[in-house]
Amino acid sequence: MSGPRPVRAPRGTELTTLGWQQEAALRMLQNNLDPEVAEHPDRLVVYGGTGKAARDWASFDAMVRTLRTLKQDETMLVQSGRPVGVMTTHEWAPRVLIANSNLVGDWANWEEFRRLEQLGLTMYGQMTAGSWIYIGTQGILQGTYETFAAVGAKLAETRGGDGSLAGTITLTAGLGGMGGAQPLAVTMNGGVVICVDCDPRAIERRIEHRYLDVRADSLDHALALATEARDARRPLSVGVLGNAADLLPQLLASGAPIDIVTDQTSAHDPLSYLPSGVAFEDMASYAADKPADFTQRARESMARHVEAMVGFQDAGAEVFDYGNSIRGEARLAGYDRAFDFPGFVPAYIRPLFCAGKGPFRWAALSGDPKDIAATDRAVLELFPENEQLARWIRMAGERVRFQGLPARICWLGQGERDRAGERFNDMVAAGEISAPLAIGRDHLDCGSVASPYRETEAMRDGSDAIADWPLLNAMVNVASGASWVSLHHGGGVGMGRSIHAGQVTVADGTPLAGEKIRRVLTNDPGMGVIRHVDAGYPEAEETARDQGVRVPMRESDPGPAATATATAAATGTGHGDTAGAAR
């Protein structure tokens, strides 16, 4: 009978499927459940408390079996973690199409989702768990690094300094698959950070994976270690065991010298947030036996947690929401100042989105770290003028421990991702990389998501909740030739709060892969540019002009003569250079 067992992706160059497009999907699905990668692989949970790669073990086995027999002109359809069909398509079509957790508007809430989940009809796919492109904590690391770099730049403007976080103490909570990136991101920016978590295993795992430096014996010990390192301007990350809803108010009341406050607990799902007064060991059984009571107590605890964050802001700290819906949950509990501090996207990241920038990632299907080292060198050669990117690539090479298949992430924008992807494909073709690469991204990207509490919070034109954009993004990536495409509901903010899309495109060294990569990695970030042009951001309009991204509403009427010339060129009925160029 199908059931839990260790899962690990194959390594090397020998195919276990009928082609590298299928092989990539298989290996990345399996990699998501590698014990080095997944939080709870026995339950198929990859990260985020409940984000799964497959609905159940029988569905996982069926997907593996199907991918091994899938032909070059077939597409497997996956409905919330279960393979439901194989259709004859064509070689340009995705090999896999995935839809996770999608519910009709009035039904898109946790109560209805949980009812359907208990019936075995759906699963929560988070962002990259159910789309098979999670690469461990590194997957969020650079975005977190970029966010804290922006915080440092802002503090330099208001307080002076060199733009790093040297001499500051950050306070946060959550050391899971996403939040576990926080300590290393802060120390990479030169700062000190205290990280609270209620799960001793999470703290131990981050120390083992070199994301966290030390574990404190107590809250006082953590503050002493942090203060000593801050005064020495020495980077340090300190983990402390406890409930953030208790410890943050204690630190606030004691007048702790905190400069920056954020949070990455699993607050998007109340059943994944430990209520104050509940022992961690009792959390799972309490949530299962009394979900409504647990939810209410969790929200009340989140309200105290957020109230302390607002208190730190009132005391002069830089405070921001890092996209886990804790403000929304606190407001549901009745705390009316929950949204007094901003989300990280409008506060720091939106200018990057306007340039089509976002979390571009790739995994070496060979399993050989040397392949990632080769791509690191290629990125440095491609963008020699980008010193911030170069600094990240160098630090990642030195300090990031791979989890599962070796992988890398960096933020690249419009006009950059396609160049990197084509270079990678050429390297595979030339044998400079031993096996193909799976090139994807986080769903937290410039043009792939509608999420009013995170990526699309406070849009200039008020279009925060318009979900047409991620739907268009998914369709464009299908039309452009992505290897697999996914469309999810909920992501890191919870049911009813976001729609988001993902794509993965495989660089297998073939000319066909090169053509697909050129289109996908131009059009995918291009969606972010046009989304922000449409919302009225001048920075996005500048990117569109510079990169040749067509935006019809920004184009003037060329007049009848120009239209006739263009028509003749398109139909081949004109003469001279124009018709020749068209042919």
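Residue numbers count from 1 along this sequence. The basis for the numbers below is simple: all heavy atoms, side chains too, and nothing from hydrogens, waters or symmetry mates.
A donor-acceptor contact shorter than 3.5 Å links the side chain of Gln79 to the backbone of Leu121. Side chain of His221 to main chain of Asp217: a donor-acceptor pair is present (N/O by atom type, distance under 3.5 Å, no hydrogens or angles). Side-chain atoms of Asn31 never come within 3.5 Å of backbone atoms of Leu29 as a donor-acceptor pair (strictly under, hydrogens ignored). Listed for the Glu455 side chain is no donor-acceptor partner under 3.5 Å among the backbone atoms of Asp445. With Asp464 contributing its side chain and Met459 its backbone, the two residues share a donor-acceptor pair below 3.5 Å. Listed for the Glu228 side chain is no donor-acceptor partner under 3.5 Å among the backbone atoms of Leu225. Without hydrogens or angle criteria, Arg55 side chain to Gly81 main chain gives no donor-acceptor distance under 3.5 Å. Between the Asn324 side chain and the Thr265 main chain, a donor and an acceptor come within less than 3.5 Å of each other. Asp340 places no side-chain N or O within 3.5 Å of a backbone atom of Val310 that could act as its donor or acceptor partner. Side chain of Ser131 to backbone of Gly502: no donor-acceptor contact under 3.5 angstrom is found.
Screening Ile207, Leu175, Asp213 for a side chain to side chain contact (heavy atoms under 4.5 Å, CB included) involving Pro183 leaves a single residue, Leu175.
Between Phe339 and Tyr453, the ring-plane angle classifies as tilted under the 30° and 60° cut-offs.
A donor-acceptor contact closer than 3.5 angstrom is absent between the side chains of Gln142 and Arg361. Between the side chains of Ser276 and Asp246, a donor-acceptor pair is found at a separation under 3.5 Å. Arg531 and Ser463 share a side-chain donor-acceptor pair at under 3.5 Å. Looking at Thr227 and Arg230, their side chains never bring a donor and an acceptor atom within 3.5 Å of each other.
For Trp132 and Tyr134, the ring centers sit 6.0 Å or farther from each other. The six-membered or imidazole ring of Tyr322 lies near that of Phe344, with a centre-to-centre distance under 6.0 Å. Checked against a 6.0 Å centroid threshold, the rings of Phe341 and Phe312 do not count as neighbours. Less than 6.0 angstrom separates the ring centroid of Trp392 from the ring centroid of Tyr145. Ring centers of Phe294 and Tyr286: under 6.0 Å apart, within the cut-off.
We find that Glu307 and Arg337 are not joined by a salt bridge, their nearest charged nitrogen and carboxylate oxygen being 4.0 Å or further apart. A salt bridge links Asp61 with Arg5: the distance from a Lys NZ or Arg NE/NH1/NH2 to an Asp or Glu carboxylate oxygen falls below 4.0 Å. Using a cut-off of 4.0 Å between Lys/Arg side-chain N and Asp/Glu carboxylate O, Arg327 and Glu457 are scored as salt-bridged. Under a 4.0 Å N-O distance rule, the pair Arg82/Asp56 qualifies as a salt bridge. Using a 4.0 Å cut-off between charged nitrogen and carboxylate oxygen, Glu300 and Arg297 do not count as a salt-bridge pair.
Here the NZ atom belonging to Lys52 is positioned 10.0 Å from the CG atom belonging to Leu33, to the nearest 0.5 angstrom. Taking NE2 of His305 as the start and CG of Leu248 as the end, the distance is 4.5 Å to the nearest 0.5 Å. Between atom CG of residue Leu405 and atom CD of residue Gln30 there is a gap of 9.0 Å, rounded to the nearest 0.5 Å. A distance of 12.0 Å separates OG of Ser448 from CD1 of Ile499, quoted to the nearest 0.5 Å. Atom CD1 in Ile133 sits 4.0 Å away from atom CE in Met28 (nearest 0.5 Å).
Using a 4.5 Å heavy-atom threshold, the side chains of Tyr211 and Leu141 count as touching.
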Residue pair Arg497, Glu329: steps toward the salt bridge (charged side-chain N to carboxylate O under 4.0 Å, His left out) verdict: CA-CA 12 Å; Arg497 293 171 179 157; Glu329 295 296 323; 2.7 Å; yes

Side chain to side chain donor-acceptor pair (under 3.5 Å) assessment of Asp269 paired with Ser266: CA-CA 6 Å; Asp269 180 353; Ser266 293; over 6 Å; no

Side chain to side chain donor-acceptor pair (under 3.5 Å) evaluation trace for Glu117 with Thr122: CA-CA 5 Å; Glu117 185 182 38; Thr122 190; over 6 Å; no

Derivation of the side chain to side chain donor-acceptor pair (under 3.5 Å) call for Gln126 and His268: CA-CA 10 Å; Gln126 272 286 356; His268 69 283; 3.1 Å; yes

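Scanning both residues, Ala450 and Ala467, for their nearest heavy atoms gives CB-CA, 3.8 Å.
More than 12 heavy atoms of other shown residues, nucleotides or ligands fall within 6.0 angstrom of atom CZ in Arg11.
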